[in-house]
K.L.:
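There's a structure below that I have some questions on.
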Amino acid sequence: MKLFRLCCLVILVIAGSVMLLSSCQQTRDVRFSPSASIVPTTITPFSAYQQAVATWLSGHRQATGPDKRWEVQINTPFECGVGNTKGVLFIHGLGDSPYFFHDVAEHLCERNVWVRAILLPGHGSKPGDMLNASYALWQQTTNFHVEQFSLKVDELYLAGFSTGTNLAVVATSQRSDIAGLLLFSPAFESRFAVTWLAPYLTGLFSWPNVEPEDNPTRYNSMAMQGFAAYQRSVDAVQASLQQKAVTLPALLVVPEGDSVVDVNRVAELYAAHFRHPTSQLLWLGEEEDAPANSQVLSMQIPAQRIGAASHMSVLFSAQSPLYGVDGTIRICDNGQGSNKTKRCEAGEEVWYGPWGLTEEGKVFARLTYNPYFDTMMGAIEQLLEIDSQ
């Protein structure tokens with residue numbers, strides 16, 4: 001593996017020289033420059049933290065549309081179900097925002113669970129703020145809010161999406177009072193060489209991925225520093241799992257078609273290091289490739305024009321106003337060529353799947369909702385030991 005990564009590094013250094021020249025003009029935009037300060041993180045009580053973040057975002061967010069106030073609102077940390085004795089702390093993924101947990105949180109708060117969702121530094125404002133991001137700062141922010149929330153509830157569960165799953169597992173390994181884990185699209189290992197090698201490339205070129213910014217809930221562009229911080233979280237979570245097995249209840253929701261994460265490696269780590277008898281892996285994919293003892297939910301659903309699950313689809317219900325069946329956001333940049341992308345953008349009827357899924361005669365958009373959302377919520381309720389309503 002070390003030799004393979006070294007070869008990849010040589011190739012990327014050469015490619016990086018070309019990318020550096022081509023990206024200089026693109027990154028002069030203010031969106032790709034860091035703010036003079038970072039978003040507030042370690043403030044208590046939570047209401048003061050929310051207000052401080054909202055104020056900071058109001059001054060630093062580069063809006064993607066005409067309603068900046070709304071964009072600040074959906075990127076600000078939130079809580080609901082305040083005062084209940086069972087709590088869930090949500091930690092989002094790379095480039096994402098607290099909004100990603102809106103649907104799951106709403107469901108849980110209706111069932112007497114106190115939910116909090118935090119904002120990691122570098123997020124919610126503009127891609128340039130990712131230049132000041134670091135794994136250490138993300139973990140510090142997570143650990144602070146875990147500690148503060150633990151003082152308010154009798155039972156505390158940690159929940160993460162993508163990179164947030166790594167932060168949640170590491171935080172759990174350092175404490176004895178966490179009741180369980182909810183891990184959505186766990187990002188224990190990346191599929192991409194640029195991510196593995198990012199910690200060594202931050203000084204070579206800052207922007208391996210520059211895209212138009214049109215999504216109010218997440219970045220489309222990503223700085224190399226963001227990839228490097230993510231890779232540090234991968235190193236940390238794998239070291240944590242090697243040193244200490246997860247012996248508390250855990251639910252992993254894994255989309256087989258994930259274009260971001262090495263899902264087979266995730267399954268291996270789950271089998272080797274998650275030891276509680278009630279832990280469960282929901283495999284959004286097909287039976288023939290599913291890990292042993294997982295619950296398989298087929299994602300080949302022609303009636304809904306779904307070909308496979310995507311990395312981001314697990315968290316949103318079909319009723320999501322942004323990402324559901326009739327949602328206002330359609331992601332057509334899906335690795336299928338410019339012609340099909342334009343047809344998608346023109347409003348042609350599409351199929352849905354992860355980035356990179358292509359089939360002859362079909363135009364694909366990103367699948368942005370979970371057709372098994374209710375099934376997943378049932379598994380969450382079972383792990384949290386709460387009654388369905």
Side-chain angles (χ1 to χ4, degrees), residues 1-8 91 93-94 135 139 158-174 178 180-199 227 230-299 308-315 354-357 370 372 376 379-380 383:
M1 178 61 77
K2 289 183 178 179
L3 180 60
F4 176 68
R5 293 192 180 188
L6 179 61
C7 293
C8 290
I91 308 133
L94 179 64
Y135 162 67
Q139 195 67 63
L158 302 188
F161 169 69
S162 192
T163 301
T165 64
N166 301 345
L167 303 175
V169 171
V170 172
T172 297
S173 72
Q174 299 167 354
I178 304 303
L181 287 166
L182 304 173
L183 306 176
F184 306 95
S185 299
F188 300 161
E189 182 74 80
S190 171
R191 293 184 59 192
F192 298 111
V194 69
T195 304
W196 305 332
L197 300 169
F227 287 129
Y230 160 68
Q231 183 58 43
R232 296 299 188 197
S233 81
V234 169
D235 297 340
V237 75
Q238 292 193 14
S240 174
L241 290 172
Q242 291 292 336
Q243 294 168 9
K244 184 178 181 181
V246 177
T247 57
L248 45 78
L251 173 67
L252 281 68
V253 184
V254 180
E256 180 188 356
D258 197 320
S259 63
V260 177
V261 171
D262 184 341
V263 294
N264 293 322
R265 179 63 174 148
V266 170
E268 290 173 3
L269 291 169
Y270 171 75
H273 301 292
F274 286 75
R275 305 284 176 78
H276 196 277
T278 66
S279 289
Q280 185 177 11
L281 189 152
L282 296 186
W283 181 259
L284 303 186
E286 308 315 309
E287 187 77 43
E288 57 268 25
D289 298 312
N293 302 317
S294 59
Q295 181 179 351
V296 180
L297 302 170
S298 175
M299 289 301 298
S310 76
H311 182 71
M312 70 173 293
S313 64
V314 298
L315 285 174
W355 188 94
L357 179 61
N370 184 352
Y372 297 104
M376 181 183 76
I380 293 173
L383 188 143

K.L.:
Check V253 against P186 and note the closest heavy-atom contact, atom names and distance.
P.N.:
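So the minimum-distance heavy-atom pair works out to O-CD, 3.4 Å.
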
K.L.:
Could you name each residue pair satisfying salt bridge (Lys or Arg N to Asp or Glu O under 4.0 Å) that touches residues 270-288, not counting sequence neighbours?
P.N.:
none

K.L.:
For S259, check side-chain contact (heavy atoms from CB on, under 4.5 Å) against everything at least two apart and list the hits.
P.N.:
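In terms of side-chain contact (heavy atoms from CB on, under 4.5 Å), with neighbours along the sequence ignored, S259 is linked to R191, W355.
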
K.L.:
If you compare all heavy atoms of S185 against all heavy atoms of V314, which two are closest, and at what distance to 0.1 Å?
P.N.:
OG-CG2, 3.5 Å

K.L.:
In Å and rounded to the nearest 0.5 Å, what is the CG to CG distance from L252 to L269?
P.N.:
10.0 Å

K.L.:
Just grab all the ring pair (Phe, Tyr, Trp, His ring centres under 6.0 Å) pairs involving residues 251-273, residues at least two apart or on different chains.
P.N.:
Y270-F274

K.L.:
Would you indicate whether the side-chain heavy atoms of R232 and P199 approach each other to under 4.5 Å?
P.N.:
yes

K.L.:
Output every pair passing side chain to side chain donor-acceptor pair (under 3.5 Å) with a member in residues 158-172, not counting sequence neighbours, ordered by first then second residue.
P.N.:
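Only S162-H311, N166-S233 qualify under side chain to side chain donor-acceptor pair (under 3.5 Å).
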
K.L.:
First locate atom CG of L167, then atom CD1 of I91, and finally report the distance between them rounded to the nearest 0.5 Å.
P.N.:
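With rounding to 0.5 Å, CG (L167) is 6.0 Å from CD1 (I91).
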
K.L.:
Can you measure from CD (Q231) to OH (Y135) and round to the nearest 0.5 angstrom?
P.N.:
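Rounded to the nearest 0.5 Å, the CD-OH separation comes out at 12.0 Å.
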
K.L.:
State which residues pass side-chain contact (heavy atoms from CB on, under 4.5 Å) with P291; sequence neighbours excluded, sorted by chain then number.
P.N.:
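Checked P291 against side-chain contact (heavy atoms from CB on, under 4.5 Å); matches are A267, L281, W283, S294.
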
K.L.:
Who are the side chain to side chain donor-acceptor pair (under 3.5 Å) partners of T278, not counting sequence neighbours?
P.N.:
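Scan of T278 (side chain to side chain donor-acceptor pair (under 3.5 Å), adjacent residues dropped) gives H276.
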
K.L.:
Which atom names give the shortest non-hydrogen contact between S190 and Y230, and what distance separates them?
P.N.:
N-OH, 3.5 Å

K.L.:
Who pairs with R265 by salt bridge (charged side-chain N to carboxylate O under 4.0 Å, His left out), at least two apart in sequence or on another chain?
P.N.:
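Expected list: E268.
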
K.L.:
Take atom CG of D289 as the centre, draw a 6.0 Å sphere, and report whether it contains more than 12 heavy atoms from other residues, nucleotides or ligands.
P.N.:
yes

K.L.:
Residues in side chain to side chain donor-acceptor pair (under 3.5 Å) with Q295, at least two apart?
P.N.:
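Applying side chain to side chain donor-acceptor pair (under 3.5 Å) to Q295 gives Q280.
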
K.L.:
How would you list all residue pairs meeting salt bridge (Lys or Arg N to Asp or Glu O under 4.0 Å) that involve residues 240-259, not counting sequence neighbours?
P.N.:
none

K.L.:
Given N370, which partner from the list L284, L282, L297 fulfils the side chain to side chain contact (heavy atoms under 4.5 Å, CB included) test?
P.N.:
L284

K.L.:
Can you sort out the partners of Y372 under side chain to side chain donor-acceptor pair (under 3.5 Å), two or more places apart, ordered by chain and number?
P.N.:
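Y372 satisfies side chain to side chain donor-acceptor pair (under 3.5 Å) with no residue once adjacent residues are dropped.
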
K.L.:
From S279 OG over to L181 CG, what is the distance, rounded to the nearest 0.5 angstrom?
P.N.:
8.5 Å

K.L.:
Minimum heavy-atom separation for L183 to A168, with atom names?
P.N.:
CD2-CB, 4.4 Å

K.L.:
List the residues meeting side chain to side chain donor-acceptor pair (under 3.5 Å) with Q238, not counting sequence neighbours, and say none if there are none.
P.N.:
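For Q238 the side chain to side chain donor-acceptor pair (under 3.5 Å) partners, ignoring immediate neighbours, are E189.
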
K.L.:
Quick one: closest heavy-atom pair of Q139 and A171, and the distance?
P.N.:
NE2-N, 3.7 Å

K.L.:
Please name all residues satisfying side-chain contact (heavy atoms from CB on, under 4.5 Å) with L357, sequence neighbours left out, ordered by chain then number.
P.N.:
A308, P354, F364

K.L.:
What closest approach, in Å, do V296 and A290 show between heavy atoms, and which atom pair accounts for it?
P.N.:
CG2-CB, 3.4 Å

